[in-house]
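For reference, the structure discussed in these notes is given below.
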Amino acid sequence: MTSAEQAEQSAVRTPEFVQSLERGLAVIRAFDADHPQLTLSEVARATGLTRAAARRFLLTLVELGYMRTDGRLFSLRPRILELGYAYLSSLSLPEVAQPHMEALVAEVHESCSVSVLDGDEVVYVARVPTKRIMTVAISVGTRFPAYATSMGRVLLAGQPADWLDSYLATAELRPLTRRTVTDPARLRTVLARIRSQGYAIVDQELEEGLRSLAAPIRDEHGVVVAAVNVSARASRGSSEVIRRELLPPLLATARRIEEDLGTGQR
């Protein structure tokens, strides 16, 4: 985080804000798939902390069992998953959705996922794969930019107008393939259509050769709280073929998930 970003965040922090907790979480987030092992200096540089502060946080995490070190390199231990599982275990959605997703996969023979919106990304909270159809492996916790995914667009389309205005004004819409929608005005039109029709289809915008169809999952107030999708190789057929074959069972699956959550629109 840059000093300008830190200053901006400081301006809106409440008196209850605990900066040491923020810094500890920043140390954890410095580690990812591309950086599974880091030195003290690298952690300090990634987080903007002094070496002394970074060292204290790292050694505390080591002592608590969330991290390991060989004296030079630090890496996360499996216990760090407890932090994510605390959220997933408090969320009934994955457990409720799983049997319906499995039934859908058995019917259409394509992978199915459920995700929620976190900032400007979708986060996968449940998944039933068939065969690997993407170059990037997907599992629970995987994140993708919302604007280029079918589930992300369903979730974006369900947001309040003022939130969406702010998102479209600030989001970095990068071309992930030659088909990716990167113009904010065009994306707004796409989202309006999704809101009206009740589903989204993305044709090779996240990855070449991949089409995806998503439907919303709503709460008892009709608010979109999650999305469920099916993904298929483009070789299965055109977007219209995929819509015709996969949309009815997908919408039925979304309704069943809502009903089992006790949120079906009756």
Side-chain angles (χ1 to χ4, degrees), residues 1-95 97-98 111 113-129 132 134-146 148-149 151-152 155 171-172 174 176 206 226:
M1 182 181 296
T2 66
S3 58
E5 290 171 330
Q6 291 174 333
E8 182 179 354
Q9 284 197 358
S10 298
V12 297
R13 287 172 181 165
T14 66
E16 294 81 14
F17 188 88
V18 181
Q19 191 174 54
S20 59
L21 176 58
E22 177 203 27
R23 291 172 174 171
L25 292 173
V27 168
I28 293 173
R29 289 196 301 269
F31 296 83
D32 56 27
D34 295 324
H35 306 90
Q37 294 183 312
L38 295 171
T39 65
L40 169 59
S41 296
E42 289 169 336
V43 172
R45 185 162 55 251
T47 59
L49 296 172
T50 64
R51 281 175 53 87
R55 181 175 183 275
R56 288 196 299 272
F57 285 114
L58 286 167
L59 293 181
T60 298
L61 289 166
V62 169
E63 188 168 339
L64 291 174
Y66 292 115
M67 195 167 288
R68 64 166 60 91
T69 182
D70 62 3
R72 188 181 79 86
L73 291 172
F74 292 84
S75 60
L76 298 177
R77 295 186 63 188
R79 189 176 183 182
I80 202 73
L81 294 173
E82 291 178 357
L83 303 179
Y85 286 142
Y87 167 72
L88 291 175
S89 64
S90 69
L91 184 70
S92 60
L93 174 62
E95 184 177 8
Q98 194 75 16
S111 299
S113 304
V114 168
S115 72
V116 297
L117 190 64
D118 183 21
D120 58 1
E121 295 179 314
V122 292
V123 181
Y124 284 65
V125 297
R127 179 163 172 81
V128 178
R132 184 170 172 178
M134 293 187 67
T135 57
V136 177
I138 299 177
S139 60
V140 170
T142 295
R143 292 171 174 265
F144 287 120
T149 65
M151 289 190 290
L155 292 163
E172 181 185 358
R174 297 181 294 106
L176 304 179
L206 178 67

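The analysis underlying the following values was restricted to heavy atoms, covering all of them including side chains, and did not include hydrogens, waters or symmetry mates. Given the structure is predicted, the values throughout are model-derived calculations rather than measurements. This chain uses plain numbering: 1 for the first residue, then up along the sequence.
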Nearest heavy-atom approach of Ser111 to Pro129 is OG-CA, 3.5 Å
Rounded to the nearest 0.5 Å, what separation is found between the CG atom of Leu49 and the CZ atom of Phe57?
6.5 Å
For Met151 against Val122, the heavy-atom pair lying closest together:
C-CG1, 4.2 Å
Quiz question: by atom type and distance under 3.5 Å, do the side chains of Arg51 and Ser41 form a donor-acceptor pair?
yes
Taking atom CG of Asp120 and atom CD of Glu172, what is their separation to the nearest 0.5 Å?
9.5 Å
Would you check if Thr47 and Arg23 make a side-chain contact, meaning some heavy-atom pair closer than 4.5 Å?
no
Spatial distance of atom CD (Gln37) from atom CG (Leu76) [nearest 0.5 Å]:
10.5 Å
Is there a side-chain contact between Leu206 and Phe144 in this structure, where contact means two heavy atoms from C-beta onward sitting under 4.5 Å apart?
yes
Are Arg68 and Pro78 close enough that some pair of their side-chain heavy atoms sits under 4.5 Å apart?
yes
To check you understand the geometry: which heavy-atom pair defines the closest contact between Met67 and Ser75, and what is its length?
CG-O, 2.9 Å
Do the non-hydrogen side-chain atoms of Val43 and Val27 ever get within less than 4.5 Å of each other?
yes
Can you find a heavy atom in the side chain of Ser113 that is under 4.5 Å from one in the side chain of Thr142?
no
Yes or no on side chain to side chain contact (heavy atoms under 4.5 Å, CB included) for Phe74 and Leu38, after CA distance, side-chain angles and deciding distance?
CA-CA 5 Å; Phe74 292 84; Leu38 295 171; 5.6 Å; no
Rounded to the nearest 0.5 Å, the CZ atom of Arg45 sits from the CG atom of Leu40 at a distance of 10.5 Å
OH/Tyr124 to OG1/Thr149 distance, rounded to the nearest 0.5 angstrom?
6.5 Å
Would you check, one step at a time, whether the test side chain to side chain contact (heavy atoms under 4.5 Å, CB included) holds for Val128 with Gln98?
CA-CA 8 Å; Val128 178; Gln98 194 75 16; 3.4 Å; yes
At their closest point, which heavy atom of Leu117 faces which heavy atom of Leu155, and how far apart are they?
N-CD1, 3.7 Å
Just by distance, do the side chain of Asp32 and the backbone of His35 share a donor-acceptor pair under 3.5 Å?
yes
How long is the span from the OG1 atom in Thr69 to the CG atom in Leu58, to the nearest 0.5 Å?
8.0 Å
